[in-house]
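Working notes, beginning with the structure itself.
Below, each value reflects all heavy atoms present in this structure, side chains not excepted, and no hydrogens, waters or symmetry copies. Proteins come first, then strands; the chains are lettered A, B, ... in the order of their sequence lines, and each starts at number 1. Just so we're clear, the structure is a prediction, and the values are computed from it rather than from any experiment.
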Amino acid sequence: MSPLDVTDLGYEPDRDPLLQVSELTVEYATARGSALAVDRVSFTLRRGEFLGIVGESGCGKSTLLFGIAQLLSAPAGITGGSAVFKGRNLVGLTERQLQSVRWSQISVVMQSAMNALNPVKTIGAQFRDVLRAHHYAADHAARSREVMELVGVDPVHLNSYPHQLSGGMRQRSMIAMALLFSPDLIIMDEPTSALDVVAQRSLMVQIKELQRELGFAIIFVTHDMSLVSHFSDRLIVMYGGQIAELGATRTVFDTPRHPYSAGLLDAFPSIRGPRLPLLGIPGTPPDLSDPPPGCRFAARCPQVMPACTESGPELYSVDQVLVRCLLHAPGQVSHQEVPA
Amino acid sequence: MNAQPTTAPGAEEPLLRTAALTRHFQIGGIFSKRTLHAVDDADLTIGRGEIVALAGESGSGKSTIARLLAMVYTPTSGEIFFEGRPLSRLRSRKDQLAYRSQAPMVFQDPFSSINPVYRISHGILRSLVLHRPELDAAQRTAEAERLLTVVGLTPAAAYMNKYPYEMSGGQRQRVGFAQALASNPKLIIADEPVSMLDVSIRIGLLNLMTELRDQAGVSFLYITHDLASARYAADRLVVMYAGTIVEHGPIEDILARPKHPYTQLLLATVPDPRAPLADLAGADRGEPPKVVDPRPGCRFRARCPVAVDECATVTPLLRDLGPRHLAACHVTQPDTAPGTTAPPQREHA
Amino acid sequence: MTNLLRAIRHNGKAAAGLFILLLFLLMALVPGLIAPGDPARITPDTSLGISGQHILGTTAFGQDIWVQVVHGARPALLIAVVSGLFATVLSVLIGVSAAYLGGVWDDVLNLFTDVVLVIPTLPLVVVIAGYFAHHSISVMIIALVVTGWSYGARQLRSQALSLRNRDFLEAAKVRGERRSYIIVFELLPNMTSLIVANFLGAALYSILTASGLEFLGLGDVNTYDWGTMLYWAQNQSALQTGGYVWAAVPGLCIALLGTAFALLNNAFDEISNPALRPVRRLRVAA
């Protein structure tokens, strides 16, 4: 239902993935040389798929998102790889070329997006700005009302200023704005972290419902693994700028193969069931301007082996899951997987 | 696991007790004087050697209570008793300093709670200067190093000279704990100490809190919005909503049989990756209200699935609904009555 | 502190400004070594051009211009530094107190600052200087300080306000520190860059305004610094009679010293506010 036509390069909606990221690499220029924020990340995203990207501070997940959306600015820059969206590589496109893709086909909901709203304009005025900027042909007012109803906010609030709405309502308005052109992909960077637990839960349910109704794909970045556990189809766990584990969400949760994923799941105290003492994952993430040789998690890994500090493990395929861990390298005796 | 509370002959005075603690703020300009009720009639007790979790969302008043206890704000009405003595009687600087040494605070944001221009030892040493004047400079340095070791920052000598920007969030929070411990306190007020830390690091600090309780008998008021971490660390739970305490009691009891509809809602929304998604009754979309010039009645009634007429006119008071388990609700029944609402739960292992 | 020094070294503006400042400092410290002679000595060699004997020529009274210029550095720097210092102290006192004390104090001090800010400075300085029968450097310094603190007070108040809610100040209060201790030892050290930047701005303002006053004849016309040189040059119609060097060189020196302060001011602004720093460009390999 996109009002704009984009010339695709042999893209078949039913056959090809919506987004194909290959070996994407992002570096930051720092005082001491360059830091590798995203290190050769590859994954595919199908139409209507909900992909969760999970990781802690410094793992590169937000940078990855900005890299895909071509929103990076100095001192960061893409230094390798590609992000092919509907047959076109977004990396290297000019601003003008990106204009035809931005918002109509890919839209972004940022962290604490409710603070990204212009405080001196009404919600409706901001929607109009977006519609006008992308030359929306049909009735602006009707479309604005439509998207507000989709996210469950009374359209009367189109005449309100941001400060008159609550945090949850502002966040929903931002999501409504992202839906204005019924994009094929919505990228969300921690959209619920500034909300309270109850509001978070209802927003997640709403997002999932919208996705089922409208059929867009979502890339959802968060540090809170449990938040996506019930909503995402597939999950990427990132550590030190690399993918540590990638697979179907339930599979990763039920049998995490990377020691980091296992440790992360274990770090959530349970609200039901027995009260057990936990360890968490002591230590700190690696310094990306000077990454250690070998596996980046070795210093904190409870199952570290001598080989781990020699050479960095590649992504190995184990039962339809990709794991970057020598424990699962081909030829290794398969470790007893501990259910989470 | 818990230290036994000291039984004095006669009355058993808790370490800290508040009576009808209230704090209001005047908002609005010169022409429209309105009152924000941040905390209303809070009765809280903290015993010796116990961790009390104070849970609630934003606007619940939990941060205000922390600041009332830390003497950053003065109460609008009501009283705080520490070891039986009312805080309002503390007039002289000497008395106030004595209280501050016994009830220090750990802050939420590790990136703004330490002065960036000094080394991390600065705050600890200042605390020692103020609260333990009997120590000389060499003894203070030795004590600061000992405190860093207690909180897990070893080798302490190396950390003494580091600047905050050289340390991670988790390490900085440990420095915050070291600073609080410098005065040998009986109570530490921890205002969301792990909320801004990575998940993998939180457990380490929660373990530190339980260790300090078990080995040094330090009590904690652990303020949080995360019920799961409250369960992990705390002995008792206090739930706040819109400025009032709605439920309190032993934590396992409340989590197994939550009485107040708000507690039930909170419990249902705690994400548990191992459990199936609990169905939220009526897909609650509400948010905690800003309580400005409130009328009587329950403040949760707008979002409550079981509200009755009485809820709109009569403010519910805390009443006994189980062993040492109180909740403020007109509708909920005590344990013995059938039909108490509770979320679906697994069998305990 | 070492961070600060490193930042200065890396900043091009700071380096340039510092270089110029050091040159003038040298002139101010040992004028006799660089340009021996008496700047006030009147000789019959009037209005000479550039020559081996007189590097920059002579004035209409036969005084050596180069000697005057070099000897003029000391009073110029003195005025700039002393006025700048006192004005900054006032700015810090008023601005930071207003921010930290808040409430009524903030309103009162703010009002006071705004009033002083709004008053046009040059006329006020002229009035103050003219009020005193005897024109001396001290009078000028007083006039400059009284008019030069208000802008800085505003700036420092803003920064102090933004810092006031930082947890470490609350932590100090909860720890039991006195208010005075918190302001001096916890708050101010976080504002050093801005305070230094303010000082440099005040110094710049002082040197320019002082030169203006002297040019108008309100300074001490018997001391020989750059502003006074301009006064005498104008008085003797130097431009019309071909004394171009005499008319231009003092102004150039004032401008150079002012530029040094401005460059250092900019540099310290950048140091204290990382958002103003020039962004590193990435060398894209692929």
Side-chain angles (χ1 to χ4, degrees), chain A residues 54-59 152-153 166-169 172 194-206 208-209 223-231 239 249-250 252-254 260 263-285 300 339-340, chain B residues 56-60 152 167-171 196-207 210 225-233 251-252 255-256 262 265-280 283-290 303 343-349:
Chain A
V54 171
E56 302 184 296
S57 37
C59 72
V153 175
S166 69
M169 288 167 81
R172 284 166 197 270
L195 301 175
D196 284 321
V197 272
V198 181
Q200 262 189 19
R201 162 65 70 85
S202 77
L203 193 66
M204 288 305 297
V205 169
Q206 177 96 70
K208 188 73 180 173
E209 259 172 45
H223 67 278
D224 188 346
M225 213 174 180
S226 46
L227 195 62
V228 282
S229 59
H230 297 294
F231 301 102
Y239 187 80
T249 308
R250 280 299 0 138
V252 175
F253 270 87
D254 293 336
Y260 177 62
L264 209 55
L265 272 173
D266 256 357
F268 284 92
S270 92
I271 193 85
R272 303 164 180 92
R275 229 169 130 168
L276 298 166
L278 299 172
L279 273 179
I281 311 177
T284 46
R300 302 165 76 186
Chain B
E57 296 174 294
S58 53
S60 58
M167 298 170 66
S168 69
Q171 290 169 329
M196 292 187 67
L197 301 179
D198 279 334
V199 169
S200 57
I201 305 296
R202 288 181 195 176
I203 297 284
L205 276 124
L206 292 175
N207 285 342
T210 53
H225 60 265
D226 173 19
L227 281 183
S229 70
R231 185 202 182 197
Y232 183 77
I251 194 160
E252 289 295 328
L255 295 182
Y262 177 64
L265 178 63
L266 267 188
L267 206 50
T269 58
V270 171
D272 188 353
R274 306 172 195 88
L277 199 62
D279 193 23
L280 263 188
D284 177 274
R285 290 244 186 91
E287 307 209 340
K290 280 216 187 344
R303 299 163 71 186
Q345 47 185 306
R346 281 190 184 160
E347 291 299 311
H348 285 217

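Using modelled atom types and a 3.5 Å distance limit, the side chains of A:Q200 and B:T269 yield no donor-acceptor pair.
B:S200 and A:R300 make their closest contact through OG-NH2, 3.6 Å (heavy atoms, listed as atom of the first residue, atom of the second, distance). The two atoms that bring B:V270 and A:R201 nearest to each other are O-NH2, 4.2 Å, heavy atoms only. The heavy-atom pair separating B:A228 from A:P269 by the smallest distance is CB-O, 3.4 Å.
Proximity to chain A (any heavy atom under 4.5 Å) is restricted, for B:N207, to the side chain, taken from C-beta onward. Only the backbone of A:M169 comes within less than 4.5 Å of a heavy atom in chain B; its side chain stays farther off. In this structure, the portion of B:S168 lying under 4.5 Å from any heavy atom of chain A is its side chain and not its backbone. For A:T284, the part lying near chain B is the side chain, with the backbone staying farther off; criterion is any non-hydrogen pair under 4.5 Å. The part of B:I251 that comes within reach of chain A is its side chain, from C-beta onward, which places non-hydrogen atoms under 4.5 angstrom from that chain. Proximity to chain B is limited to the backbone of A:L276, based on heavy atoms less than 4.5 angstrom apart. Of the atoms belonging to B:A230, not a single heavy atom falls under 4.5 Å from chain A.
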Inset, instruction - Applying side chain to side chain contact (heavy atoms under 4.5 Å, CB included), run through A:V198 and B:L266 and close with a yes or a no. - result: CA-CA 7 Å; A:V198 181; B:L266 267 188; 4.3 Å; yes

Legend entry - Check against side chain to side chain contact (heavy atoms under 4.5 Å, CB included), B:H225 and A:D196: CA-CA 8 Å; B:H225 60 265; A:D196 284 321; 5.6 Å; no

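Using a distance-only test at 3.5 Å, with no hydrogens or angles considered, a donor-acceptor pair links the side chain of B:R231 to the main chain of A:S270. Side-chain atoms of B:Y232 come within 3.5 Å of backbone N or O of A:L278 as a donor-acceptor pair.
The choice from B:V199, B:D226, B:D198, B:L227 that makes the most heavy-atom pairs within less than 4.5 Å of chain A is B:D198.
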